[in-house]
Amino acid sequence: MDRYLVFGHPVRHSKSPFIHTLFARQTQQELEYGLAEPAVDEFAQALRTFFDQGGKGCNVTVPFKEQAFTLVERLSPRAKRAGAVNTIKLTDDGVLLGDNTDGAGLVADLKSHGVTLADSRILLLGAGGAARGALAPLLAELPSELVIANRTHTKAQQLAAEFCDLGPVTAQTYEQLAGPFDLVINSTSASLQGELPPLAPALIHTDIAIYDMMYGASDTAFISWAKQHGARQTMDGLGMLVEQAAEAFTVWRGIRPGTKQVLRELKRNLGVI
């Protein structure tokens, strides 16, 4: 049976085995999917051992995405742009192909919620790996403007300069931000600590769409804050998790699984519904 893994540290909390088991059942694919939590300095050896022992593909999560980028033998265009790899496939000719499905998962989830990206004004909070992975897919949807805001402004400036060839992307300090924005995406990990980006409440209005890449059994701190200030459409990153997994499954198996039922099952598993 074909074997797949998710590498991370920590990774025991991962819902990827649950998701991919449902995808396999739905598409009648014979595979097994497990977890691997090597020490941070043992990832390269663990990755090699997995493929040497017949592994077909894997997902890579924190803190190994940038390291995986350097370990694969071939990169997809979106992985090159992201500077990080979250999906690896052993190709038919024995080459390790690195891909990045995070941005595609984000865009797919936004569209599933009816969010219009074309001609929209988007604010992206954060300038780390999550933001980097999202930029090219977001700009491919032809927004009117994409503004990056980050606590360290120079990082936002560097990221904007790197992606400006793909569309109208600029960097602003939190103090410079002026609305209205159609969509705000929080790519920071602040919600994991129950914290908030320093965003002015005046930027929130009833017609804005709010997206937090983090997720949990209840609203994240950022979503709760946005609702308190009048946002009517708020979304967390659970759908992105499922959509990026579906994209990875397609890379591996050549068949696209449906995501709606799997997302419902995942919410039920987490106690969200």
Side-chain angles (χ1 to χ4, degrees), residues 2 4-8 11 14-24 26-27 29 31 33 35-36 47 50-51 55-91 95-113 115 117 124 126 128-141 163 166 185 187 211-215 235-260 262-263 266:
D2 291 346
Y4 296 85
L5 285 178
V6 55
F7 286 93
V11 80
S14 173
K15 294 301 178 183
S16 291
F18 181 86
I19 294 168
H20 283 286
T21 298
L22 291 180
F23 284 161
Q26 177 198 118
T27 57
Q29 297 284 298
L31 60 87
Y33 189 107
L35 301 171
L47 186 71
F50 170 65
F51 283 106
K56 294 294 185 182
C58 65
N59 288 127
V60 182
T61 188
V62 177
F64 300 130
K65 291 183 182 183
E66 286 76 21
Q67 194 176 347
F69 181 87
T70 68
L71 294 173
V72 296
E73 298 156 289
R74 188 184 302 160
L75 291 164
S76 71
R78 57 191 179 183
K80 285 181 183 178
R81 269 293 185 178
V85 161
N86 80 331
T87 300
I88 301 176
K89 174 185 178 178
L90 181 66
T91 66
V95 170
L96 290 186
L97 170 67
D99 201 353
N100 191 303
T101 67
D102 286 331
L106 169 65
V107 168
D109 192 38
L110 286 165
K111 289 182 176 181
S112 76
H113 284 95
V115 176
L117 298 173
L124 180 62
R132 174 180 291 275
L135 273 168
L138 285 171
L139 289 168
E141 297 298 318
F163 284 83
L166 298 184
I185 301 171
S187 79
Y211 195 100
D212 194 339
M213 289 189 187
M214 301 298 111
Y215 63 88
M235 300 149 280
D236 69 13
L238 199 59
M240 176 181 172
L241 175 68
V242 175
E243 294 290 350
Q244 66 81 23
E247 188 77 10
F249 192 92
T250 306
V251 170
W252 294 328
R253 310 299 294 186
I255 184 171
R256 181 85 186 188
T259 54
K260 289 183 179 179
V262 172
L263 181 57
L266 181 58

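Each residue takes its place number in the sequence, starting with 1.
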Tyr211 and Val115: side-chain contact (heavy atoms from CB on, under 4.5 Å), yes or no, with the steps? CA-CA 10 Å; Tyr211 195 100; Val115 176; over 6 Å; no

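- Ring orientation note: the planes of Phe7 and Phe50 are nearly perpendicular, at an angle over 60° on the 30°/60° scale.
- A 4.5 Å side-chain heavy-atom check between Leu5 and Leu35 finds every atom pair outside the cut-off.
- Rounding to the nearest 0.5 Å gives a distance of 11.0 Å between CD1 of Ile88 and CG of Asn100.
- In Lys56, the NZ atom is not crowded: 12 or fewer heavy atoms of neighbouring residues, nucleotides or ligands sit closer than 6.0 Å.
- With a 4.5 Å cut-off on side-chain heavy atoms, Cys58 and Phe51 count as touching.
- Here the straight-line distance linking atom CG of Leu241 with atom OH of Tyr215 works out to 4.5 Å at 0.5 Å rounding.
- A distance below 6.0 Å separates the ring centres of Phe23 and Phe249.
- In terms of modelled atom types and a separation under 3.5 Å, the side chain of Glu243 and the main chain of Thr259 share no donor-acceptor contact.
- Checking Asn86 against Thr101 by side-chain atom types alone, a donor-acceptor pair falls below 3.5 Å.
- A donor-acceptor pair under 3.5 Å is absent between the side-chain atoms of Thr21 and the main chain of Phe18, judged by distance alone.
- Using a 4.5 Å cut-off on side-chain heavy atoms (C-beta onward), Thr27 and Arg253 make no contact.
- One finds the CE atom of Met235 at 8.5 Å from the CD1 atom of Ile185 (value rounded to the nearest 0.5 Å).
- In this view, Arg78 and Asp99, Glu247 satisfy the salt bridge (charged side-chain N to carboxylate O under 4.0 Å, His left out) rule, not counting sequence neighbours.
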Can you give me every donor-acceptor pair (side chain of residues 129-138, partner residue at least two apart or in another chain, under 3.5 Å) with its distance?
residue, atom, partner, partner atom, Å
Arg132, NH1, Glu162, OE1, 3.2
Arg132, NH1, Glu162, OE2, 2.6
Arg132, NH2, Glu162, OE1, 3.2

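- What you find for Gly83 and Glu66 is that their closest heavy atoms are O-CG, 4.0 Å.
- Closest approach of Val85 and Val60 over heavy atoms only: O-CB, 3.7 Å.
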I'd like to know whether Asp102 forms a side-chain contact (heavy atoms from CB on, under 4.5 Å) with Met240, so could you lay out the CA-CA distance, the side-chain angles of the two residues, the decisive distance to 0.1 Å, and finally the verdict. CA-CA 8 Å; Asp102 286 331; Met240 176 181 172; 4.1 Å; yes

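- Remark: Leu75 CG to Leu97 CG distance equals 8.0 Å, nearest 0.5 Å.
- Listed here is the closest heavy atom pair of Phe69 and Ala79: CE1-O, 3.3 Å.
- Closest heavy-atom contact between Val6 and Pro17: CG1-CD, 4.5 Å.
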